[in-house]
Structure formats: structure tokens, C-alpha cells
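Inspection log for the structure reproduced underneath, given as C-alpha cells.
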Amino acid sequence: MSLGLKFQCSTLDSLKDEESLKFIVGTKSLRESNEVHVLEYEPESNRVKPFSVYSHKNEIWDICSCPWSSSKFFTVYNTGTEFCSTLWSTNQENESENENKNDNLNKKTNLEKEEQDSNEDEDKDEDEDESNNPNNGLKKLYPLVHLPTPEGKISSVLFNTESEIQDRVISFDEKCINVWSLEKLETDKIATNISQARVGRLEKISSGGWNPTDPNLVAIAIESNLSIWDLRDMKKESFVIRQAHEDRLRTIAFNRNSISQVASGGDDCKIKFWDLRKIQRGLENNEEPQDLLTLTGHSHWVWQLEFNPIHDRLLLSSSTDSTVKLWDAPSLAFKDLRLEELESDPDNDFDQDQFEQDIDEYEENKNKKVTTQKDGLLNTFEDHDDSVYSIAWSKTEPWFFASISYDGRFVVNKVPEEIKEKILD
Amino acid sequence: MSEQINESDLRKKNLKKLLQTYYGNTTKQTTKSLQKEQLDLDSGRFKVDLYFNKIIKENNIQKLVNHQKKTKKELKEYDNSLQKLVYQNYHKFLSATDMIKDMSSTVDNMEGEINKLTMHMKNLEKYQANIDNKMKDKRTKINNLINNHELVTKLQFLFELPQKMRLCIKMGEHSQAVNDYLKCSDVLHRHSNLASFQGIISECNKIVSEIKKYLFGILKDGQSKKKNINQVVRLLVSLDVPLDQLTDDLLSHKSSKIIKVFESYQEKEFQELKLQLEEFKLRNKKKLRAQTGKNENANENDKEFKTEMEKDQKENASFEENLSNNFQNSLSSFVEEFIDEFVWFSRSYKKLFLNNEIKEKRKKEIKYCERRLKSENEKLFNQFFKVICPILFNRNLKLSWIKKIIGTIINHIEKTKDLISDSIQCNKIEKMINNCLNFHINLKFSKVIYRFKKFLNIKNQIFSRKMNEYFKKKSKKGLIELKKNEDKNNYDEEKIEEIKKESENKKEIEKEKENKKEAEKEKENKKEAEKERIKVDTLISDTFTEINLYIIKNVEKLVVDLSYLFGISDDFSNLKKNFLPVIKQIRKNLNTNFNKKYFPILIGLLQINIQKLLLKINKIINNYNIIKKNNAKKNLDENDSKQKNELTNVNNLYLDYDFKSLNPYRKKRMKGKGRKDKEEGHKTNAFFYLVLSKIMNSLFEKDIIDFLGEFSWLFGEEGFNIASSIGSNPNRDHKENKKLIHVLDKLMKKCDIKTVIENTGLISISCLNRFVFLHGRNLSQLIMNSIETPNWVSVEQPKGVRIIIQQLFNQFKIANKIILTSFEKERQDSSNNKKNKANSETESVKSWSSRSKGSNIAYSMKESNFASRNERKDEKYRLIENNIEKLFSNKIQIFENIEPNRDSIITGIGKVALKGFVESVRQTTFGTNGFNQIQVDSFFLRVALSKFIERSVLNYLSDEIVDSASRRCLKPAKIDPSLVESICKEILEKIMI
């Protein structure tokens, strides 16, 4: 199901919502005032409905919704002269709650004033409020926290989806990895920088990923190298996979179910899977890093990769060849690992019945394992006519995913039923 | 109820009727036939009453009367014939009775006469017995007399034997003498006790010894004929000469004869041949010199050289033909003679000595003889080899000749197969041939390598010279300009000092002016440098193409030659063993000679080509293996395992080579400081794929596949290697290849030739795709870097096409050139394409300005749209419009499968490159000036690349570039298209020229 937005877009994310499938899309139009669309997909009628529209002054380069709240999200935007990033809220109450939590009760009233003083954007926001709100009936967004970015251009902001560290956010710009605290604010609405890592002078970060299972682990892409950092030691990267791709790396995605599995995509049209622990061990022994799996099929740059949050054998990729591809990598999926563990130490289970059951299950699974398909392409979705810049799995119903292309076409697709059945078996 | 009964009765009646009619008919029929018989006059059952009644009933009176008449007539006839019969038989009866009466009277006389006869016979017998008895004595006497006479004659023969033998010897008929002697010898020896006989025996012995002497004399005399010798030997054997002596003499005789043949050949013909060969060599050298000279002085004395070369070539060709003919004739005649002699010799030897009769008699001696024969044969063969080897191992021989020579030898030797059952000789010959082949293959390789070396040396020299000149020029220019600048600076400083005194304000202005001037100069310098760079680029591309062509040719030649050789014979067990060191040698040579060369591209290319060489060699080895398999199916299992081992050895070697040779190059690439090095690395990589795909393609299409077709499966295997290594990171090639080998070993068993041929085709396509993708990516990287580096918001107004874009065009030009060398002829729709091209070229040359006017219209249209949009200030509609436009235009696939022709390849490259342009434009923000610059650039590309890229694709992508740039522009204000045109005009005109 698709919907055409009136603006160009380059980013979307899914919203955490327990009832419905909601996606958030930011428009990217340089000269016009931009909008943040919350779109709702109804699987019963197979329709996409605009849920609400918020005005956003500047063009949005990246959007990242909060994994715990459907009303909060980060945008990375370009004011024309510099790149900024702000955490927004869709309603004011949340804001106050948030601040209550943050023990900044007193500052609530002062916030708006200080905002006027400190932020350049603020004036524009006000203009927006005055001009657009009455005209277009757009809702207002309330800024919660700004990430101060004195240098470089921010490319993306990431929450850590799995861990319990809810107040930490990582941002990537061309030169640095920054870790921010959202709870301790330096001044009002300005996040404090907890730690910062800097790459070499000639190097340039093009994108990054944060390991959800091990929040100390961050992977960034520098040209064709994949560089791994430990947040506890920000002086130097812990190791680098040189020439991970033949060309520039565009995207990195961590597997939520596996501790050290990463997928990367780049300008060489390939998608590669890496086991970071294995590589680290190998590098210590001076072995050449080797990928677990390489998937080929795109005919132009791979722009974004997303693991399915539950069935991690499914990987979604978007590309500038205007296709979205769904890949299956059962050999690397988490389940298999668990089975192997089961095989290795069955003695731990004292309960005989349980044990037998487990063995039966294991046998069954093993048989299935033999019959399951090989790693590779499952489906290609050709709904778009232009480069697809962003994709996202739904956070409520992980069989659905949305994609958006340069020309503003927003498409929701579903994992085909046959594939679904196969995986659930 | 009653009704029912009635119905049933009726039914019964009907049935009865039916039955009656049926059976009644049959009874009638029988009665009818009976009646007929009863009515027939001739039948036995005729009944008169019935007949009479019937006739009376049926006929009227007249008919009856007629009938009566008829019957009367018939009756009369019957009566007559009866009477006749009776009379005739009566006569016969009478005569018979007479005869019997006569017989009985004569028989009575017979008995008396027969008794008389028996009496006479008995008398006769008595008389005969009497006569016999009387004659007996005389008969025995006569018999004795006859016997005595015979004995006497025999004795006479014996006594006359010596005389007769002498007479025979005088007459020259030794054979008869010997025969006579042999006839008598038994008798003589039996009665040797008698004195008279003894005398005869001694005399005979004398004569026999004389004969023997004479015969040995004949044997020792080398000039006697074959038949004679045969006879002599036979005689000698019958005379019980000790065989060892005989064999010695005979063999020495034979060998002397054969050796004479050898000597005659060695002295006369082979020396001539050697001389001729040397001449040939000299000529070749001259030729080479001339060629090199030509290369060096190509520009100066073209015409003269050409005429000379042509003459030389003609002469050389005729000379070659003569030489090869001579060579073949003399050699084949030599081999023929030798082998004829040998065959005849060994055949006769066997007949004479190894007969069954003799064998039984003299076992010991025969054993000795056999040994002798063997040793002698070996000697002979050794000598044969001695004579023939220096000829076969001559360096100047051509492979084609050798093939023929070996062919003749093998033909001749096949004749002798039944004789040379001793495997020693066979093995020796085979070994000899193998060695010869190995030698020549080695030679050929070294030659090829030598040629490579020379060629590369020449190329390098030329290249380095040109480069030096270029650098010198550049440096000189630079120096001069620097000096000028310094002078001016000095001058300026002086001026400035003067001016200082006058006023401070003016000074600043001056300075600014100077700065501007310098900047302009720098720009000029840059432009010049750019021109030089373009020159260098073209130079590189030229050398590239030359080297490529040359190497491809050479490799193909070599393959043809090699396969030629392998077509000859079946067994080359040594070859494989010798092959590995050859390859190693090649490797050594390459590593030592080429790693030092300063120009990495050449090395890369050369290494690549050597890889190909190895690939092909590998393939040939495997061809051979397959041939062997076919020939020796019995030993399949053993052979298989061996071959596999060898195969893997070769494979490992190849891989080893590949890895080692490419590593330094890779390191260079990795270490390369600037982007340039990297690009060059990529470039060679990309073109490597191009060349590979070309070779694959040629294999797929051309004649080579005909003879390699069956064996291309192994090449296919290598292809797999390549195809998969294409996809892998250079760092991990080795491991993957090892894995692959493992997999491929499995595949090899399953692989079917047809599919593999298809695979070669597929691989060629995949290589092409890879090439297009890599090259396109390299170009798009060029663009991306140029777009990402400057700050487009604060860029100056466009003054011309950016240099990088011009370079892009040049890259396209170079790529086009290189592609043309490999894919000159378009396969499909060539005529159409050519027409189109011609049209486009004429268009582009003659009326590019007018066409740009056409595009002006499009531009102005867009311009108006822009204006209106700007007025309306809602871009939302624009997007919708755009989407609608896209709906109606065809979706352009960025990367489709490439067909092996120039157009498709280069549009493929263009698509990838320009798509990169579009994407990178979408990621940046432009100021007005920056936007205008992009406008100019895209216009330039649109016009300049129209030669290469399909028009629709080009237009779509360049429009997309401008469109996305305008969206990413803070204040989009288009320059007037005419202005764009005028900006591009100069450069475009240059290009068109």
C-alpha cells in the first residue's frame, strides 16, 4: 500500500505504538517549510491514513523515534548553514512529565524564555508557529532536548533499543561519535556530552550503528572501512575491518538477537555480515577478517539495512536502484545458535521429561534446519520509481515494513505469506 | 388369465414356425442336392424313372422329340467307341499269346551253351598260372639289376661330388653345390668307415669350407644385395655354421650398412639443412631488427621501411616454404630408409634364426643370438637418435614442422610395431619424441617470454622517453614561469616600494591586482597541465591497447601452437613433469624482470596476461589429460587419481603465482598515498575484467572453441574461480580460492561439457558486467569527490566546465578506445547502430549548436515552469507534476545486463557514473552559482557524451542532475541557456575537433 507525500523525503521510522501500525516520516525540502507526518496503516483495509501532521521548519535528514514512547522522536535537520538535532515531543504534557522526571521542575516556566535566548532556531520556530499553524492546521512540535553540535554535520542519532539505559543517545557527525545524556541537561534543553570520540583528520564518518545487546559497542563506517569502538575507551578504536567493502560503506545494522553480528551495506552494491567477536579474535592473531556471508543483488548503492526485530534471519535493504529487497539468512539466525548450545550441554537439564522434550524439539528443529532454504534473496519490492532512502520495520507488528523514496512515495509492505509460514514453521 | 394363456400359445406357435422355416430349408437343400444327383445322367445315383418323369413333366412334345434325337445320337456314339475298344484290345491279346509261345521254345537251348562257356574259362586260368611260374625267376633278376644300377649311379654321384661342387662353384651357383652336399652328407657320414668314402668326405669338407669362406666373404663385403645375403645366410645356417659367429658377422654387416646411411645423411643433407636453418635464423634476426627499427623510427622512414619489409616478408615466406619442404623431405626420407633397413633386417633375422626348426636344435645358441640382436638394435637406435636429435632439437625449427616430422616418424614406427615388440625401442622413441616436444615447448615459452620482454622493453623505452620529455617540458615551463614570476615579483616589489612612498592606499589595490594576475596565471598553468595530463592519458590508453592486442594475439598463437603439438601423439607422461618447472621459470622471470619496472600498470597487465597464459596452459594440460582418459579407459581409476593430483598441483601453482605476483601490486595500491594511485589500481582491475571477458567471449565465439570446445570445461573452472574472486575482497582471495578448488573438484566430476561452454559464455558476460560496474563506479567516484569537496554555497559564478568533468569526458574517450580494441564489431543490429552513430556523429559535428538549440527549447520550457513555480511558491505541485512525468517516461534501469558490444558497454558505464552524479548531487546543498555550475556541467556532458551514451538515457540522467540540483539549491535561478552554451562552446568545439 502506498501513499504519495507532497514533499521529497529521505527518512522514516516506525513509532512504538501498542494498538496500531504507525510510521513517522520527515520531509526534506530545502526551501519550503517541512512537515513531520505520522502515518497510520490499517492492515484490515490495507490503507495508509495520515494520523497527524506536525510542522517542522527545516528539512529533515534523519528521524529516529524513541523506542519507549510514541510521542518522542529525534530529528536531524539542516538549517541551511548547519546541521542540528533535536528531540521533539508531540504533546506538552509529556514534556512536563519528562522534566519532572529530570528534576527540573522549576525551570519549566523559564524554558521558553531561555529557548528564545539561546537558540537560533527558536526564532524560526516562532515564525513557523505564527505563519504555518493557522494556515495549514499543522500541529506544533515541542522541543525537549537539543544536541549541541558545534562542528561537523550530524548524520544520525540513535537510541539503544534493547538496553535499559534510556537516557543515553549516540550521535554521529562527520568527525565524532558523541554520547549524550538526556537526563542531565547542561542548560535547559541542551544535552550534556558524556563522552566523545574523534576519528582521524582525513577520515570521515558516513554512518554508524549501536549494538543493542552490548551498549558499549559502536560501529562506524569510514569510507570503505568498518571501525569498531568501545565506549569505555574513546581514545582509539578497538579494531578496524579494512576494506570491508570495495567502496564506501553506507549503512550498518546490528542484529538485536545476536551479540556480535553486524550487517553492512555499501556502494559496491553488496550486503555483508560480520561476526565482530570472531574478527577481533582473528585480528589479534593477525588473521585477515572474513565476512560471514555476502549477499549480492542490488544494482546500485545499498542505502539502509534493517534486521527484523524478532525474526532476525530477515533483513531488509533499500537501495538507490529504487528497490527494496527482503533477504533471508537462516544460517546466521539466532535460533540456530541456541540449538547448538542445547546440543553441547544437555546435561544441565535435570528434568528428564523436559530433557526429552527438548531433544525431540531439537530433533525436529534439526530436520527443519536441513529443509530450510539457503541464505539469499526472498523478495524484491519494486513499488518505488526513485531511490529508496529509508526503510523501517514496524515496531508493533514486525511482519510489516515501510519504505520511502526520494519522490516522497511512502509504501507499506508485508512479508509475503509463504515466507511467513516458512519462518514460523 | 385366459387371455394370458392364449398369448403364450401364440408365442409357441410363432417360435415353432420360425424353427420349422429354418430347419425345413436345410432339409430341402439336402433333398435338392440328392435330386440333382439322381437327375444327372453321369452320376452313380441316377434314377431313370425320376429323370424320365421330370423330362415329361417339364417339356412339351417337340422338345421331347429333340431330346430323344439327342440321346439317340449320343447312344450311337457310345456304341461305336465301345466296339472300337474291344477290337483293339483283342489284337494285342493275340500277339501277346504268340510271344509267350516263342519264349518257352528258346529257353530250353540256353542251358547247354552256358555250361560250355564255363569250361572254357577254367582252361584259360590254368594256362595263365603256368606262364606266371615260368616268368618269376627272370623278373627277380631284372629287379636286382635295376637296384644295382641305382646304387652304382649313386656311388658315381658321390665320387663325382667334389668335382660337381667345384664345377658349381666355378659356375657361381653355390646354392646348388651346398644343396648337393647336403643331400649326400648323410650317406657319406654313415659310411665314413670305408676308405674310399673318407677320401670323398675330406674332399667335400674342403670344398664346403671353401664355400663357407666365400659366403662369409660375401657377408663381409658390404655391397651385396639383400636377397643375396638372405640366401647366403640361409646356406650358412644349413651348413651348420656356428650361429654366434654368423650373427656377429651379419649384424656387423647390417650395422655398417645402416651406419653408412647415417653417415651419408649426416654429411650431405643435414649439414645443408643446418646451414639453411642458420640462414633462416639470421633472417629472422634481421626481421626482428627491422621491426624494432621500424618501431623506433616509425615516424621517420615509414614508406621505405614498409617496402623493404614487404620484400623481406615475401622472401622470407618463400624461403621458409623451401626450407620446410627440404627439411621434411630429407628427414622423412632419412627416417624411411633407416626404418626400412631396420625392419627388413630384423624381419630376415627372425626368419632365419628364430625358426622353430632351428630353435629346437640349438637352444643355447639362439639365446645368444637374441641377446645379440637386442644389443645391436639398441646400438642402432642410439645412433639413430644421435643423428636425429641435433636436428629435432634445433632452436630454429618451427612447431608446425616438428609436428609434421614427428608425425612421419610415428607413421614409420607404426609399421614396425609388430617387430619391435621389445618395449625398449618403443619407449625410447616415445621418450625421444617427448623430450623433443618438451624442449620445443620450453623454447616456445622462453621465446614468448623473450618477446614479451622485448616488447615491453621497447614500450617502456618509448613510454619513458615520452614521459621524460613531457616532464622535462613541464618542468622547463614551470621553471620559466617560476622565474618569470620571481622577476615580476621583484619588479613588483620595486614598484611597490616606489608606490609605498607615494601612497599606501594604492599599494593595496596593486597587490590585489597582482594577486588576481597570479591567480589567472595559475589557472592557465593548470589548464596546460590538464592538457598534458590528457596527452598522458591518451598515451597510456594507447600503450594499453597495444599491449592488450599484442598479448591477446600472442597468447592465441601460443595456444594454437601448443594444441597443435598435442594433437600429434597420445602419450606425454613426461610433459606434465616438465611443465611445472617451465611455469616456475616463467614465474621467476616475471618476478625478477618486471617487478623492478617503474610503471605499475604494465606490470599489472602483464601479470594478468601471464595468468591468462597459465590458465590456457592449464587448460591444455587438461586437454591432454582428457585425451589420455579417452585412450586408456582401462587404467582410468589410477590415472584419474594421478591426474587429479597433478591438476591440483597446477592449480595450486597457478594460485600461488597469482597470489604472490599480485600481492606487491596490491600493496602498492593499498599504500598508495593519493587518490590517483587508487584510481589507477581500480582502472587496471576494471580493464582486467574487460580483457578477460573478451577472451572468454572469443573462446565462446571463435574457432578456438572448436578444438578446445570439448575441454573448455576446465577453463570454465578457472572461470568460476575468477567469477567468484570477482565478488570477494582482495584480501580474502586466497582462502576463497582454496575453498573453491575443493568445491570445483566435486563439480569437475559432475560437470558436463555443454553446460561449461555455456558457463564460459556466462562468465564472459559476468566479467563484462563487472567491468562496466567497476569502471562506472570509478568514474562516479571521481564525480562524487568533486562534488563533496567544495563548498557549493559559496562557489563563484561558473566560468567554464569544471576540469573534472572534462576529465570525465576524457575517461570516457579512453574507455571507448580500449573497448573498441576488444569489441570492435557490434554483434546485433550493427548496421542500425552504425547508422545511428553516423547520424549522431554528423549531427554532433555539424549541428551540435542547432541541437543545443533544441535542448534550449526544453530548457526554456523548464525555465518558464521554474518561473511560474517561483511565483506560485508551492513546490508541492511541482513534485506531483514530476511524478506524473515519470509515470509517462520509462523507468530506466541503472544496471542491466550488458551485451558484448561497444554501445551497450559504454552506456552501461555512463549510467552507473551519472547515477552516482545524481545521488551525490542530492546529498549536497547548492548556492545559486553552484547550481549554475552544475547546469553548465550537465549541459557539457549531455552534448559531449552523446557520442557514446544512448540519447534517451543521457537526457534522462542529465535532466535528473539539473532537477535534483535545483531542488537542493537555496535560491535556484537558472542561467540563460544561451549563456550556458557560450560557456561550453570553446571546450565543445575542441572536443569535436
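Every value quoted in this text rests on a predicted model; they were computed, and no experiment measured them. Order of the sequence lines fixes the chain letters, A, B, ..., with proteins taken first and strands second; residue numbering starts at 1 for each chain.
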Any side-chain heavy-atom pair of [X] and [Y] under 4.5 Å:
| X | Y | value |
| --- | --- | --- |
| A:Q8 | B:R922 | no |
| A:H300 | B:K911 | no |
| B:Q781 | A:D267 | no |

| remark: In terms of heavy-atom contacts, B:R967 and A:L30 come closest through O-CB, 3.7 Å
| Atom of B:N785, atom of A:R248 and distance for their closest heavy-atom approach |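 So the two residues come closest at OD1-NH2, 4.4 Å.
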| note | Whatever's closer than 4.5 Å to a heavy atom in chain B on A:S387 counts as both
| How far does CD of B:Q923 sit from OH of A:Y389, to the nearest 0.5 angstrom? |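 One gets 5.5 Å once the value is rounded to the nearest 0.5 Å.
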| query | Rounded to the nearest 0.5 Å, what separation is found between the OG1 atom of A:T320 and the NZ atom of B:K915? | reply |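 A:T320 atom OG1 to B:K915 atom NZ measures 5.5 Å (nearest 0.5 Å).
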